[in-house]
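As the structure lists them, so they are numbered: ligands from 1, and atoms in each ligand from 1.
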Amino acid sequence: MRWSDTFIPTLKEAPAEAEIVSHQLLLRAGLVRKLAGGLYTFLPAGIRVLRKIEQIVREEMDRAGALEILMPAVQPPEIWRASGRYEQAAGVLFKVSDSKGREWLLGPTHEEVVTTMAANEINSYRQLPLNFYQIQTKFRDEIRPRFGLMRAREFIMKDAYSFDATDEDALISYQKMYDAYVRIFDRCGVQSFPVDADAGVMGGNHSHEFMVPAQTGESEVAYTEDGSYSANLEKAASQGPQSQTPNVCTGNLEEFETPGVKTIEDLENEPFNVSASSQIKTLVYIVEDEPVIALVRGDDDANESKLATAFGTAIFRPAEYEEIQKAMGALPGSLGGVGIEKMKVYADSQLEGAAGMVTGANKDGYHLRNVNVSRDLPHVNFKDLRIVREGELSIEGQTIKIRRAIEVGHVFKLGTKYCDALEASFLDEKGKKNAPVMGCYGLGITRTLQAIIEYSHDDNGIIWPVSVAPWQVCITALDVEPGGPVMKAALEIYAELTETGYDVILDDRELRPGFKFKDSELVGFPVRLGIGTKSLEKGNVEFTLRSSNQRESVPLDQAVAKVKSALADV
Ligand code: ATP
Ligand code: MG
């Protein structure tokens, strides 16, 4: 491809809307353009990278025995009602209506569609296992689309769905996908690591997310340096906070006046001097229109995913002031679980056995001291609700660290939830009707593209791994006169490398050398061959490896061999 024949609109400055470097580089390197929030057009160089990632994913899915299909993006709402997700996913569903006013959904994911197909097609154990995948556009009305392709409203996902006869077989399918993901990210030239993921309210017991380490990632991962523990913070558990929870009670439960106290810190201060670890924090949520209480230690925070698991639903929200006043008879600052009998009260497991604690009295301006949890809060359900903090010990006794990462893929053993709901079943060897055990496996193709940039760039631009580079070699001709010696040499090398199977771009634009070099670094071709009149007179061309910025003069007749060996190495 000649640069002058394609369309790579590079930008000197990043548009102000791009907050993170990979988003800036996507735009600056002319890979994508924004249409509206979370909606992007892929330009010629961008689509080349996208297709290469898709191809790697396709090869690894095929190798793992998954079968490619393509499902409609437009889905009937009935199947979402049947699975119970019409309400649950309401927040992200794009709804459209046809000319007769009938409602349709733009698929954010395809469990319902694939299971409907399975219900019609699968009837015998002899057909199993089956694993179907597709590479397709997904639609999600994200509350906050941002960071370019990272959280888009329309994006490309590879999604796969396995159907097995037994739980054990389902685990084999799961492992195959897990292994395929390891290979995919490896081949895409990006470091990834699997972490234990929250199986959420779906109750699956096996779930891993694949993460790319990045400061700007939206996920937080708790891990230990020896590698014995790695989990999404949503799910992470530890031995508990570094300071002990008081468990000795020296007096009777008593109310005391706390005028103006609104926060945990207010009580820590003079004249009260109650340490945060001796306080119980009381949080009120609305779950299915009912107020529900969650208690955590004063210096802890509640983890939303753990709350969802405890509540049995992801649909809940913090209660409003009026709702709190009505339910508790007091406002935040003076709330507590003692004496609450009409509402469900969940308490973090840390509070089990706690004694000598302080909490609100459900009377504005008053608290209770000497709270003995087993005596004064006998009605609570203990669950792991707290967010793990850096420095705590993992269950195995290693120090936990926390880092940010980008979730690029998710593998999930689902069980029979969807097959039950959508009546997919098969007859087993004994003629008994069973629901297939499902797994689902999502991989964000467009998010991965941007994660590679976030992971692999420098001050000058993108550093594409060879496997996904839009073009692996850029020949920068510094004198573009047609028929001149530079263009002649450039075209010869171009022909030879292209014939060998490399993707080569020939920068034949009539621009200053410095400008062309900058552009090639910005777009991030792994290898560049600079050909200029002066060095060519000495029989040389200039070879540059993007990853190390290592430059050297190479004799013209060795240039092709040099490129080949460099591309084989990186
Ligand atoms: P997140 O927690 O980031 O919202 P998710 O749990 O909703 O992701 P899944 O439903 O597991 O994501 O989707 C599978 C993959 O699709 C994710 O691992 C991610 O790579 C990609 N993905 C999900 N949402 C988006 C989005 N809004 N934009 C781009 N890619 C996305
Ligand atoms: Mg996920």
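- The salt bridge (Lys or Arg N to Asp or Glu O under 4.0 Å) search around Arg58 returns Glu68, not counting sequence neighbours.
- In this structure the side chain of Val292 never reaches within 4.5 angstrom of the side chain of Phe316, judged on heavy atoms.
- Taking the six-membered ring for Trp, Trp3 and Phe525 have ring centres closer than 6.0 Å.
- With ligand atoms numbered from 1 in the order given, ligand 1 contributes 28 (N), 29 (C) to contacts under 4.0 Å with heavy atoms of Leu149.
- By the side-chain contact (heavy atoms from CB on, under 4.5 Å) test, Glu320 pairs with Arg317, Glu323, sequence neighbours left out.
- Side-chain atoms of Lys281 and Asp301, non-hydrogen and from C-beta on, do get closer than 4.5 Å to each other.
- Across the listed options Arg144, Met150, Glu407, Glu407 owns the non-hydrogen atom lying nearest to atom 18 (O) of ligand 1.
- Checked against a 3.5 angstrom limit, the closest N/O atoms of Thr446 and ligand 1 fall outside it.
- Counting atoms of ligand 1 from 1 in the listed order, those under 4.0 Å from a heavy atom of Glu142 are 24 (N), 26 (C), 27 (N).
- The distance criterion of under 3.5 Å between nitrogen or oxygen atoms is met by Ala152 with respect to ligand 1.
- With a 4.0 Å heavy-atom cut-off, ligand 1 is reached by no atom of Glu209.
- Of all atoms in ligand 1, listed by their number and element, those nearer than 4.0 Å to a heavy atom of Gly409 are 18 (O).
- Taking every non-hydrogen atom of Val408 and a distance limit under 4.0 Å, the qualifying atoms of ligand 1 come out as 18 (O), 20 (O).
- For a threshold of 3.5 Å applied to N or O pairs, the pair formed by Gly444 and ligand 1 contains at least one separation below that value.
- Under a 4.0 Å heavy-atom criterion, Thr448 is not in contact with ligand 1.
- Salt bridge status for Glu218 with Arg151: present, with a side-chain N to carboxylate O gap under 4.0 Å.
- A donor-acceptor pair under 3.5 Å is formed between the side chain of Arg447 and the backbone N or O of Met150.
- Ranked by closest heavy atom to atom 24 (N) of ligand 1, the top entry among Tyr441, Phe147, Phe155 is Phe155.
- Salt bridge present: Glu225 and Lys401 bring a charged side-chain N and a carboxylate O closer than 4.0 Å.
- Annotation for ligand 1: atoms under 4.0 Å from non-hydrogen atoms of His410 are 11 (O).
- Both the backbone and the side chain of Arg151 come within contact range of ligand 1, each with a heavy atom under 4.0 Å.
- Lys95 has no carboxylate O lying under 4.0 Å from a charged side-chain N of Asp141, or vice versa, which leaves the two without a salt bridge.
- By the 4.0 Å heavy-atom criterion, Thr109 is excluded from the residues contacting ligand 1.
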